[in-house]
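A quick write-up on the structure given underneath.
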Amino acid sequence: MDKLAIYVHIPFCDHKCIYCDFYSITNYKNIESYLESLKREIAHYAGFYSKEYETISVYFGGGTPSFMTPEYISSILEEIRNSFQIARDAEITLETNPGTVDSEKLHKFQKAGINRLSVGIQSFDKDELNFLTRIHDAETAKECVLRAFESGFENISVDLIFNLPGQSKEKWIKNLNEAVELPVKHVSAYSLILEKGTILNKMVLDGKVTLQDEDYDADLYEITIDFLESKGFLQYEVSNFAKPGYESVHNRAYWQYGDYLGFGTSAHSFVKNRRWWNYSSLEFYKRAVDEKDHGVAGGEILTPEMMLEEYVMLALRSGGIDIENLKKRFGDKWLAANRSILEILKTDGLLKIENGIIRLTKKGYLLCDEILINFKY
């Protein structure tokens with residue numbers, strides 16, 4: 001059977017952070033009606049995709065999914081289980097914010113079927129947390145991870161952000177060190193990105209915040225790779241590091257250009273050569289589901305050229321291009337057109353070709369975007 005990843009967006013959040021551009025709302029009046037819309041949408045797509053696919057991952061993102069009750073998340077999971085064929089070892093992830101869970105709630109989430117937590121810590125530094133307008137402090141963050149581990153969660157990931165305004169290399173290393181001292185198997189380390197429409201973007205435009213330059217960002221990124229690899233976390237994607245065997249199944253589905261379905265507000269889906277996306281507005285989404293049983297706002301059919309370019313980009317950002325898989329899906333046209341570029345990158349130490357895999361080196365990851373624009377399609 002073909003493999004499928006499922007994403008469920010929970011837009012409800014108790015606070016909007018200044019850097020966040022994901023769709024979220026702090027109005028909770030539609031929580032129950034949203035649940036009914038989600039169930040209706042899940043049942044709708046099951047009619048098209050449940051027989052030919054085995055679901056290998058379910059990911060609850062947001063918003064703040066851990067803000068919901070375990071019963072709420074369990075109800076969604078039950079609908080998915082009743083509608084789709086779920087692999088026995090499926091990875092089921094819940095994005096979790098420190099301060100939104102206690103031991104009892106964590107036990108109930110685990111009982112509901114959650115077997116992986118992605119904890120949005122971002123920083124352990126008080127001033128950085130205040131700048132990011134996070135609602136937790138360092139101790140709450142550590143307590144969240146420790147309680148999750150004590151509750152039986154073995155697969156725990158933490159998110160961190162680097163290159164914050166004024167962040168020293170020493171402060172960033174301290175953040176990394178505090179993270180790996182916790183019982184975590186996965187670390188996502190992202191450079192602070194300025195997204196249009198965020199509060200942070202306006203602060204920068206108004207001259208209230210100054211971001212650090214790209215060279216300094218690259219230095220911090222290189223420090224991140226070296227530090228985490230020295231602690232046994234292997235880099236398997238530009239921003240993601242894991243202990244062996246704990247790479248995110250769900251994220252790998254995206255990076256390996258697999259099929260996925262997204263349910264809820266602002267969720268995206270990709271199956272075969274078709275991509276579509278839902279309304280972000282909760283009201284628009286609910287209205288669409290009431291009328292059509294799905295929340296689709298728009299979509300596109302990808303040409304073979306578009307798919308090839310996306311496949312190469314995603315593969316090089318993660319585990320690399322499997323040459324045989326590339327040929328099977330797209331033929332050998334790309335390899336022939338880029339043979340000389342690949343040789344130059346290999347000579348410059350930016351890329352290596354081993355065991356049938358074209359993979360960026362650590363130096364290559366640093367220049368990933370610049371490398372990708374040079375390929376011919």
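- A salt bridge links Lys202 to Asp206: one of the charged nitrogens lies within less than 4.0 Å of a carboxylate oxygen.
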**Stepwise side chain to side chain donor-acceptor pair (under 3.5 Å) check, Gln167 with Gln212** = CA-CA 9 Å; Gln167 185 182 60; Gln212 305 192 97; 5.4 Å; no
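- Side-chain atoms of Ile135 and Asp14, non-hydrogen and from C-beta on, do get closer than 4.5 Å to each other.
- Other residues, nucleotides and ligands place no more than 12 heavy atoms under 6.0 Å from the CD atom of Glu104.
- Under a cut-off of 6.0 angstrom, the local environment of OH in Tyr190 is crowded, with over 12 non-hydrogen atoms contributed by other residues, nucleotides or ligands.
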**Intermediate values then yes/no, salt bridge (charged side-chain N to carboxylate O under 4.0 Å, His left out), Asp332 and Lys327** = CA-CA 5 Å; Asp332 57 6; Lys327 288 179 179 179; 5.8 Å; no
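- Within 6.0 Å of the NZ atom in Lys174, the count of heavy atoms belonging to other residues, nucleotides or ligands does not exceed 12.
- Summarising the local packing, OH of Tyr216 is surrounded by more than 12 heavy atoms from other residues, nucleotides or ligands at distances under 6.0 Å.
- Centroid-to-centroid, the aromatic rings of Phe270 and Tyr257 come within less than 6.0 Å.
- Partner of Tyr254 under the ring pair (Phe, Tyr, Trp, His ring centres under 6.0 Å) criterion, chosen from Tyr260, Tyr7, Tyr59: Tyr260.
- Using modelled atom types, one side-chain atom of Ser230 and one backbone atom of Phe227 make a donor-acceptor pair closer than 3.5 Å.
- Side chain of Asn163 to backbone of Leu192: no donor-acceptor contact under 3.5 angstrom is found.
- The six-membered or imidazole ring of Tyr45 lies away from that of Phe84, with a centre-to-centre distance of 6.0 Å or more.
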**Request:** In sequence, state the C-alpha distance, the side-chain angles, and the governing distance for Arg134 and Asn97, and then conclude on side chain to side chain contact (heavy atoms under 4.5 Å, CB included).
**Result:** CA-CA 9 Å; Arg134 300 295 288 172; Asn97 274 2; 3.3 Å; yes
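- For Arg359 (side chain) and Ile321 (main-chain N/O), no donor-acceptor pair under 3.5 Å exists by modelled atom type.
- Here the side chain of Lys105 pairs a donor or acceptor atom with the backbone of Ser66 at under 3.5 angstrom.
- For the pair Lys243 and Phe233, the cation-pi test (distance below 6.0 Å, angle within 45°) is passed.
- The number of heavy atoms from other shown groups lying within 6.0 Å of CD (Glu229) is above 12.
- We find that Asp137 and Lys142 are not joined by a salt bridge, their nearest charged nitrogen and carboxylate oxygen being 4.0 Å or further apart.
- For the residue pair Pro98 and Ile121, the shortest heavy atom distance occurs at CG-CG1, 4.3 Å.
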**Request:** Go through Gln256 and Asn325 one step at a time and tell me if the side chain to side chain donor-acceptor pair (under 3.5 Å) criterion holds.
**Result:** CA-CA 10 Å; Gln256 294 177 353; Asn325 189 37; over 6 Å; no
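- For the ring pair (Phe, Tyr, Trp, His ring centres under 6.0 Å) test with Tyr236, the passing option among Tyr246, Phe241, Trp255 is Trp255; the others fail.
- A donor-acceptor contact shorter than 3.5 Å is absent between the side chain of Glu79 and the backbone of Ala43.
- Relative orientation of the Tyr49 and Trp276 rings is parallel, given thresholds of 30° and 60° on the angle between their planes.
- Between Asp226 and the options Lys362, Lys231, Lys363, a salt bridge (Lys or Arg N to Asp or Glu O under 4.0 Å) holds for only Lys362.
- Look at Arg40 and Asp290 and you find a salt bridge, because one of the NZ, NE, NH1 or NH2 atoms lies within 4.0 Å of a carboxylate O, short of that distance.
- Between Ala112 and Ser74, the shortest heavy-atom distance links the atoms CB-CB, 3.7 Å.
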**Request:** Dump the intermediate steps for salt bridge (charged side-chain N to carboxylate O under 4.0 Å, His left out) on Glu291 and Lys286, then the final yes or no.
**Result:** CA-CA 9 Å; Glu291 294 174 358; Lys286 284 173 54 187; over 6 Å; no
**Asked** Could you walk me through whether Tyr311 and Arg329 pass the side chain to side chain contact (heavy atoms under 4.5 Å, CB included) check?
**Response** CA-CA 10 Å; Tyr311 175 87; Arg329 297 183 71 163; 3.9 Å; yes
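- Put simply, OG on Ser33 and CD on Glu36 are 8.5 Å apart, with the number rounded to the nearest 0.5 Å.
- For Arg287 and Glu283, the salt-bridge test fails: no basic side-chain N is under 4.0 Å from an acidic carboxylate O.
- A side chain to side chain donor-acceptor pair (under 3.5 Å) check over residues 338-357, counting only residues at least two apart or in different chains, returns nothing.
- Enclosure of atom CD in Glu214 is not indicated, since only 12 or fewer non-hydrogen atoms of other residues, nucleotides or ligands lie within 6.0 angstrom.
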**Item:** Chi angles and distances behind the side chain to side chain donor-acceptor pair (under 3.5 Å) call for Glu41, Tyr285
**Value:** CA-CA 10 Å; Glu41 187 175 40; Tyr285 168 76; 2.6 Å; yes
**Request:** Step by step, work out the salt bridge (charged side-chain N to carboxylate O under 4.0 Å, His left out) result for Arg274 and Asp259.
**Result:** CA-CA 10 Å; Arg274 180 171 169 245; Asp259 294 333; over 6 Å; no
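- Checked against the 6.0 Å centroid threshold, Tyr221 and Tyr365 do not count as a close aromatic pair.
- Taking the six-membered ring where tryptophan is involved, the planes of Tyr279 and Phe284 are perpendicular, since the angle between them exceeds 60° and thus also 30°.
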